[in-house]
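Treat the numbers as computed from the prediction; the structure is a model and nothing was measured. What's counted below: heavy atoms across the whole structure, side chains too, no hydrogens, waters or symmetry copies.
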Amino acid sequence: AIALVERDDVAKVPRALPNIGIPDETWDQLSKSYSDLVSGHLKMAFFKSRTAKEFAAEILRFLDFLTTDEERTYALARALFSQYVPYRQLPGAPLHMSNAEFRQKLASERKRFELIEYIIDLPFDEYTERASMLLQILDDTNDKDVRVALLAAAWSRHEDKIARIMEKSK
């Protein structure tokens, strides 16, 4: 039985997958052969599922598709050590936007994006000060697509900085 539940008390350390009873050479071959397939299926299962139970069922269906115990062990270990576990329901479907539409939205909001960049680089004393300023900018437009494009662009340009802030706040 597999239990995929919401638990905040489980630390998923170490990040490296344990090759549970499988020789290193075999594990490496499984990784080369199945890594992309398992990752793709986990992502699909995550976005398709609305509950932890549905997500677990999708993973079990995928495991049934595999033919050997070693393949299933590898896929299960990848699932359990993935960013998708513990499963948490998203507040809705993600917004998809073409690259051309994304670029157009940013170009039309260049001044707003430059202000976001400026605020991100300012040395505020508190993270909440920076966040409140950024939120004001995003709230100044009613166009959800524009807000998403601005946030996505800022996130991608400052992903390392944001990750460090998130780590410090833990």
Side-chain angles (χ1 to χ4, degrees), residues 4-8 10-13 15-17 31-59 61-62 65 74-75 77-170:
L4 299 176
V5 296
E6 290 187 23
R7 290 187 58 188
D8 292 326
V10 177
K12 291 196 285 187
V13 177
R15 276 292 198 217
L17 290 175
S31 184
K32 288 176 187 166
S33 299
Y34 291 97
S35 180
D36 290 343
L37 179 67
V38 172
S39 294
H41 187 78
L42 286 171
K43 182 177 180 180
M44 181 276 308
F46 178 79
F47 286 109
K48 179 180 177 185
S49 304
R50 288 289 165 227
T51 66
K53 190 173 185 175
E54 287 178 15
F55 181 64
E58 285 294 326
I59 290 173
R61 274 193 285 284
F62 178 67
F65 164 76
Y74 173 78
R78 285 287 308 271
L80 294 176
F81 282 87
S82 75
Q83 68 267 34
Y84 302 113
V85 174
Y87 178 87
R88 288 187 177 85
Q89 186 174 358
L90 296 179
L95 175 71
H96 296 281
M97 187 181 301
S98 71
N99 287 339
E101 186 180 3
F102 177 74
R103 284 191 300 273
Q104 185 274 325
K105 297 282 184 194
L106 284 181
S108 71
E109 297 291 332
R110 184 151 193 76
K111 287 187 184 287
R112 205 180 303 249
F113 183 69
E114 289 170 355
L115 184 55
I116 288 172
E117 292 278 284
Y118 178 69
I119 290 170
I120 288 174
D121 288 332
L122 287 175
F124 288 100
D125 292 330
E126 300 289 332
Y127 298 132
T128 54
E129 294 171 335
R130 179 180 292 112
S132 68
M133 298 300 296
L134 295 172
L135 190 56
Q136 269 184 286
I137 294 168
L138 295 175
D139 284 346
D140 283 345
T141 180
N142 292 327
D143 186 335
K144 183 178 180 179
D145 290 355
V146 167
R147 291 193 311 263
V148 168
L150 289 168
L151 188 57
W155 186 276
S156 68
R157 299 229 2 228
H158 297 280
E159 192 167 6
D160 291 341
K161 188 178 211 173
I162 293 168
R164 284 193 303 277
I165 290 170
M166 299 292 281
E167 264 313 297
K168 285 181 185 178
S169 67
K170 285 184 179 179

**Message:** To the closest 0.5 Å, what do you measure between CG (Leu115) and CD1 (Ile137)?
**Reply:** 3.5 Å

**Prompt:** Would a 4.5 Å heavy-atom cut-off, applied to side chains only, mark Ile59 and Tyr87 as touching?
**Reply:** no

Atom pairs and distances, side-chain donor-acceptor, residues 144-152, under 3.5 Å, sequence neighbours left out:
from   : atom 1 : to     : atom 2 : distance (Å)
Arg147 : NH1    : Thr141 : O      : 3.0
Arg147 : NH1    : Asn142 : O      : 3.4

**Asked** In Å and rounded to the nearest 0.5 Å, what is the CD1 to CD distance from Ile119 to Gln136?
**Response** 8.0 Å

**Asked** Distance only, no hydrogens: is a donor on one side chain within 3.5 Å (strictly under) of an acceptor on the other, for Ser31 and Arg78?
**Response** no

**Message:** Rounded to the nearest 0.5 Å, what separates atom CZ in Phe55 from atom CZ in Phe47?
**Reply:** 10.5 Å

**Request:** Please confirm whether the backbone N or O of Met97 pairs with a side-chain atom of Glu101, one donor and one acceptor, at under 3.5 Å?
**Result:** no

**Asked** Heavy atoms, side chains only, cut-off 4.5 Å: are Glu129 and Met133 in contact?
**Response** no

**Asked** What's the spacing between Glu54 CD and Phe46 CZ if we round to 0.5 Å?
**Response** 12.5 Å

**Complete:** salt bridge (Lys or Arg N to Asp or Glu O under 4.0 Å) filter on Asp143, not counting sequence neighbours, yields Lys105

**Asked** Of all residues at least two apart in sequence or in a different chain, which pass the ring pair (Phe, Tyr, Trp, His ring centres under 6.0 Å) check with Tyr34?
**Response** none

**Message:** Please determine whether the number of non-hydrogen atoms from other residues, nucleotides or ligands lying under 6.0 Å from atom CZ of Phe65 exceeds 12.
**Reply:** no

**Prompt:** What distance do Ile120 atom CD1 and Trp155 atom CH2 have between them, rounded to the nearest 0.5 Å?
**Reply:** 10.0 Å

**Met44 and Phe62, any side-chain heavy atoms less than 4.5 Å apart** = no

**Prompt:** Charged N to carboxylate O below 4.0 Å: is that the case for Glu58 and Arg61?
**Reply:** yes

**Inter-residue atom distance Ser49.OG - Gln89.CD, 0.5 Å rounding** = 10.0 Å

**Request:** For atom CG of Asp36, decide whether the heavy atoms of other residues, nucleotides or ligands shown that lie under 6.0 angstrom number more than 12.
**Result:** no

**Prompt:** Taking atom CZ of Arg110 as the centre, does the number of heavy atoms from other residues, nucleotides or ligands within less than 6.0 Å exceed 12?
**Reply:** no

